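One structure is given below, encoded as structure tokens.
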Amino acid sequence: MPETRLPEAFELRMKNFLGEDGFQKLADSLEKEPNTSVRLNPFKKVQPEFLDKKVPWSNSGYFLKERPSFTLDPLFHAGCYYVQEASSMYIDHILNQIKVPVEGVFLDLSAAPGGKATLLSSYLGGNGFLVANEVIKSRANILKENIIKWGLGNTLVTQNDPEHFSGLEGFFDLVLVDAPCSGEGMFRKDPDARSEWSPENVSLCALRQERILDRAGGLVKGGGYLLYSTCTFNTQENEEMLKFICAEFDYEPVRISNDPSWGIVESELEIDGKFYYGYRFYPHLVDGEGFFITVLKRPEKAPSMAPKKTKDFKHPYIKSIGNQECQNLIAKLGLPQESILYSVQESYFWFNPTFQYSFEYLTRFLNIRYFGIELGKFNKNQFIPNHEWAVSIFDKNGFEKFELNKEQALSFLRKEDIHLPDLHEGWILVTFKDIPLGWLKNLGNRVNNYYPKEWRIRNK
Ligand SMILES: C[S@@+](CC[C@H](N)C(=O)[O-])C[C@H]1O[C@@H](n2cnc3c(N)ncnc32)[C@H](O)[C@@H]1O
């Protein structure tokens, strides 16, 4: 529960915006405990016991009866669900309602830690391809970890400033700008958001948002969508940004219909004789934190870019694999026939061949942190499988599996030595509730635990 008082200037602004009564209700709601919610991974089918009622605007979001210790739940580490506050899951409702084609190439321009990126990845499934970008290095690492655990193999993680996307105008079917903002909507969950807030900071955030949107607006192809969201209430970072986009680019409004019982507030804004819409989530009206989102459609006539086959793919560290070597590996590892493989140093990566040219084109502009699924590498003719492959949704049919109980699973996730009876020698895929957690290697006289050191649970 936050102990810091609400900033005075914020109170004054919100009273002007909502009236005394509306403001008091908002202020009261900010003193209450927030609800915890999770979004399930639709490709790792398992129902955690702690689920309660559904988040009404999401396909796979649930409120929880109480907040469990996620650290001590092996399914959390296996990427079976993502802990996400409910308002952000509204993107599910938007995608389903406007029926964005699932075969698209999407961009999440400010993606860390990966809440909305994992949602977009689930929506695209095996059909489409997502670029999840984060400019700050440490945050890009967390994003990469979450994308690996989500495990769908349809995501490219990049670490770039929005400026680096110039050259990719008209490339994406959907661009999400979940902008860095002054965070008024997080005043309940995060007391630091209160102490860091000031009118000057709101103005600074708005300037940064303009810079990001100035780049992002051009990246959407004709007929594609731009989603702009913040976790703040003020109009300076929301409606004013909508005006900014419309002044800089040609975009059509998109109106989303909502069930009135959800409590989402629609704002209507007239720009050049057309009505544009924003959706505001107030914690006193919805079961979720503060949030704002607007949806825009780029006219069909806007320029689109479809990357063409390049004769020779050249990249400083990503290498393409010859057809014969590719076929041999596909057969040896039991990968889908429709696979394209690359190598980075000695490690092999799987990628969806439908998006080969888009991917190869993107590598010219972007700093690639992860892509597809890292499978593993050879050591003296022996294939050493990677953790990334273990937690992906891809089959690992050639390997023996061993189901762990909860205590064993936690011990594995702490990277402790594991003693299991009757194991075959060699690589073993350990599972919990039939969901892969990672690899063990039984050498006969000892069993090595291959859980990544940097991800191990430190809490007892
Ligand atoms: C609201 S958070 C994104 C949350 C994320 N979309 C999610 O759902 O988990 C905004 C992100 O923008 C990043 N950011 C900061 N400055 C930026 C800039 N100049 N351009 C783009 N992104 C920036 C922050 O590091 C932060 O990760």
Side-chain angles (χ1 to χ4, degrees), residues 37-39 41 55 58 60-61 79 81-92 94-95 106-123 130-150 155 157-166 168 172 174-187 189-190 192-193 196-197 201-219 226-234 237-238 241 244-245 281 288-294 365-367 369:
S37 45
V38 301
R39 192 170 33 73
N41 186 334
V55 173
S58 160
S60 44
Y81 57 87
Y82 190 97
V83 184
Q84 183 175 43
E85 69 80 27
S87 306
S88 298
M89 300 181 196
Y90 182 68
I91 291 178
D92 243 354
I94 294 174
L95 296 173
F106 289 9
L107 167 66
D108 183 346
L109 194 55
S110 348
K116 297 181 189 72
T118 51
L119 185 156
L120 296 175
S121 166
S122 299
Y123 182 79
L130 168 70
V131 179
N133 177 68
E134 169 58 43
V135 63
I136 297 173
K137 189 175 177 194
S138 57
R139 293 181 59 83
N141 290 339
I142 299 166
L143 173 66
K144 176 178 160 185
E145 177 177 337
N146 284 327
I147 292 296
I148 288 170
K149 287 181 177 168
W150 207 244
T155 305
V157 179
T158 60
Q159 191 210 322
N160 285 92
D161 188 278
E163 283 305 312
H164 301 157
F165 285 76
S166 56
L168 293 167
F172 297 98
L174 179 140
V175 173
L176 167 65
V177 177
D178 186 33
C181 70
S182 64
E184 296 163 357
M186 290 292 130
F187 280 1
K189 284 184 89 166
D190 177 7
D192 288 346
E196 281 162 20
W197 188 95
N201 193 33
V202 170
S203 300
L204 275 175
C205 287
L207 272 177
R208 184 165 54 182
Q209 287 150 359
E210 280 187 1
R211 275 205 307 274
I212 298 173
L213 286 169
D214 197 29
R215 177 55 52 216
L219 303 179
L226 177 66
L227 271 54
Y228 173 74
S229 62
T230 66
C231 59
T232 211
F233 304 120
N234 67 70
E237 297 177 71
N238 293 320
M241 288 306 129
F244 175 83
I245 304 166
F281 294 62
E289 299 312 297
F291 185 60
F292 174 92
I293 190 158
T294 184
F365 300 87
L366 303 176
N367 174 23
R369 298 291 313 273

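In what follows, residues are counted from 1 in the order of the sequence shown. Because the structure is a prediction, the values reported are computed rather than measured. Atoms within a ligand are numbered from 1 in the order they appear, just like the ligands themselves.
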*Side-chain donor-acceptor pair present, Ser229, Asp178, cut-off under 3.5 Å*: yes
Write down the atom of [X], the atom of [Y], and the distance for their closest heavy-atom approach.
X	Y	result
Glu134	Ala111	OE1-N, 3.9 Å
Met241	Leu213	CB-CD1, 3.8 Å
Ala216	Leu109	CB-CD2, 3.8 Å

*Taking only residues two or more places apart in sequence or in another chain, which ones pass ring-ring contact (aromatic ring centres under 6.0 Å, His included) with Tyr228?*
none
*Which protein residues have a heavy atom closer than 4.0 Å to any atom of ligand 1, listed by chain and number?*
Ser110, Ala111, Ala112, Pro113, Gly114, Gly115, Lys116, Glu134, Val135, Ile136, Arg139, Pro162, Asp178, Ala179, Pro180, Arg208, Ile212
_In terms of relative ring orientation, are Phe106 and Tyr123 parallel, tilted or perpendicular, with 30° and 60° separating the classes?_
parallel
